[in-house]
Visitor: 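Got a structure for you, written out below as structure tokens; questions coming shortly.
Both counts, for ligands and for their atoms, begin at 1 and track the order of listing.
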Amino acid sequence: MYNITSKIAEEFISDAEIRDTLAYAKENCNNRQLIDEILKKARDCKGLTHREAALLLECDDKETIEQIYEIAREIKHRFYGNRIVMFAPLYLSNYCVNGCVYCPYHAKNKTIRRKKLTQEEIRQEVIALQDMGHKRLALEAGEHPLHNPLDYIIESINTIYSIKHKNGAIRRVNVNIAATTVENYRRLRDAGIGTYILFQETYNKENYEALHPTGPKSNYAYHTEAMDRAMQGGIDDVGIGVLFGLETYRYDFTGLLMHAEHLEATYGVGPHTISVPRLCMADDINTDDFKNAVPDDIFYRIVAIIRIAVPYTGMIISTRESEKSRARLLELGISQISGGSRTSVGGYVHPEEESENSAQFEIADNRTLDEVVGWLLDLDHIPSFCTACYRAGRTGDRFMSLLKSGQIANCCLPNALITLKEYMNDYASPEVRVKCEAMIKKLLTTVPNEKTRATAEKFIEAIDKGERDFRF
Ligand code: SAM
């Protein structure tokens, strides 16, 4: 039944294969020789199969866990350096016809204030985001054929890319909207989106159907096969994820890696990113009703093992996570975080919306983008506002080959420094400016290729003279 390259959801995410994997992991989690072989494979950056990863997740001994963390740190450093890509979500509309029992947008929720941004309101939100320093957005919307049809999403993307306010520009728009048709994915690609993101929520079909009792999202196969359609529609950067807390973490962790394996085996390119959201309190939702909450220590292990299982896949956490857990997760493999986020529709211009029942969920990190940037620099990470790869056509397997070739130090590092310089000159507070300056000075000298280094220095001088938007 299990068929990694099948286009049928229940064959590439086979329930029997997941259950066999979990039994295998339990049986072998004390097999020292096997664990050592898997750790060696991970250390050699060869990635892990879902079975190997599930086995590591089952290991409870301190020494193995420490080794996993150490390898995750090494891989993170090797492929991503200390760059952290910054983004913000932009909520367009919370109208939704679905019945997802964990999401406050569910159609029966009578207390949430429904709102959909007009193109003028989107303009205002984007100007507020540009004034913070953001260059990369993740568009979010409920599913509603009348209020939020694809035409509306495409019109909004065009609006967002067209806004040039002072030195601001949104250079990459990622899109997190409901599963759709191949034709609609083609239209999204033609509109110039970055990554198409869709969370599976849970891979357990039976539980999925219980959690999504009504609406188009209740169709497990249609939802699970969405990334296949996106790829057929020409989108080669896709982002997957599960909402941890809905199902046992072991099941969804295994399903997530099987999904990544399926995309890699079928299309020659795995997911561009993996998101690891955890369920949060929200209007009309009580997290106590869900019995699968993932404790911090297990969550850290999950992130570290995903890091070593798919070394070439970016990993994202949002402001659902607190400052404390973000600090830990950044070390263990996260390469992209949001900052200064609002989860309400219109919340960047009207922050009061956050507390007036239009937010999607309660966020745990309420700091401004400038505070997050300063904090990252204090922790020796480089906040990066880079959007170069996708604009230079380095998507899908072309992006993966850049990562695999180890050319990051000559490409992504200078891009990160140049975009941080833009942030420093245009948006940073005086205190954060000083930190940006010190980081740029320190790391510019570490760009290995002499010619690239000299060009990066020139770009930085030009930014001081008022020019913008350089890239390698
Ligand atoms: N409507 C789109 C869909 O159906 O996939 C996606 C947009 S929704 C704004 C983005 C994600 O928020 C969902 O996929 C879900 O995983 C997450 N989400 C929903 N309720 C949540 C909650 N209470 N806490 C944390 N995340 C939640």
Visitor: Residue-level breakdown please: for Asn98 versus ligand 1, do any non-hydrogen atoms fall below 4.0 Å on the side chain, on the backbone, on both, or on neither?
Guide: neither

Visitor: By number and element, which atoms of ligand 1 are closer than 4.0 Å to a non-hydrogen atom of Leu198?
Guide: 5 (O)

Visitor: Heavy-atom contacts under 4.0 Å between Asn176 and ligand 1: side chain, backbone, both, or neither?
Guide: both

Visitor: Is a salt bridge present between Asp365 and Arg326, judged by a nitrogen-to-oxygen distance below 4.0 Å?
Guide: yes

Visitor: Is there a nitrogen or oxygen of Lys217 sitting under 3.5 Å from a nitrogen or oxygen of ligand 1?
Guide: yes

Visitor: Using modelled atom types only, decide if a donor and an acceptor are shared between the side chain of Arg114 and the backbone of Tyr105 within a distance under 3.5 Å.
Guide: yes

Visitor: Compare Tyr91, Phe361, Tyr102 and give the one whose heavy atom is closest to atom 23 (N) of ligand 1.
Guide: Tyr102

Visitor: Using a strict threshold of under 4.0 Å (side-chain N to carboxylate O), is an ion pair present between Glu321 and Arg278?
Guide: yes

Visitor: Quick one: look up the protein heavy atom nearest atom 24 (N) of ligand 1 and list residue, atom name and how far away it is.
Guide: Cys280 N, 2.9 Å

Visitor: N/O to N/O below 3.5 Å, does that happen between Arg320 and ligand 1?
Guide: yes

Visitor: Does the pair His223 and Phe199 meet the rule for a ring-ring contact (aromatic ring centres under 6.0 Å, His included), with working shown?
Guide: CA-CA 9 Å; His223 190 81; Phe199 301 156; 9.6 Å; no

Visitor: Are the charged groups of Glu125 and Arg342 less than 4.0 angstrom apart, N to O?
Guide: no

Visitor: Heavy atom of Met281 under 4.0 Å from ligand 1?
Guide: no

Visitor: Does the pair Glu143/Lys217 count as a salt bridge with the N-to-O cut at 4.0 Å?
Guide: no

Visitor: Within the distance-only criterion (no hydrogens, no angle test), does the side chain of Asn94 pair as donor or acceptor with the backbone N or O of Arg113 below 3.5 angstrom?
Guide: yes

Visitor: If we count only N and O atoms by modelled type, under 3.5 Å, do the side chains of His50 and Glu261 hold a donor and an acceptor together?
Guide: yes

Visitor: Please list, in number order, the atoms of ligand 1 under 4.0 Å from a heavy atom of Cys103.
Guide: 19 (C), 20 (N)

Visitor: Are any of the heavy atoms in Ala141 under 4.0 Å away from ligand 1?
Guide: yes

Visitor: Ligand 1 and Arg278, any nitrogen or oxygen pair closer than 3.5 angstrom?
Guide: no

Visitor: Looking at Glu247 and Lys205, is any side-chain nitrogen of the basic one under 4.0 Å from a carboxylate oxygen of the acidic one?
Guide: no

Visitor: Does NZ or CZ of Arg171 come closer than 6.0 Å to the centre of the six-membered ring of Tyr390, within 45° of the ring's axis?
Guide: no

Visitor: Distance to 0.1 Å, residue and atom name: give those for the protein heavy atom nearest to atom 11 (C) of ligand 1.
Guide: Phe199 CD1, 3.8 Å

Visitor: Please state whether Pro277 comes within less than 4.0 angstrom of ligand 1, counting heavy atoms only.
Guide: no

Visitor: Within ligand 1, which atoms have a heavy atom of Gln360 less than 4.0 Å away?
Guide: 8 (S), 9 (C), 12 (O), 17 (C), 18 (N), 19 (C), 20 (N)

Visitor: At what distance is the nearest protein heavy atom to atom 13 (C) of ligand 1, and which residue and atom is it?
Guide: Glu201 OE2, 3.3 Å

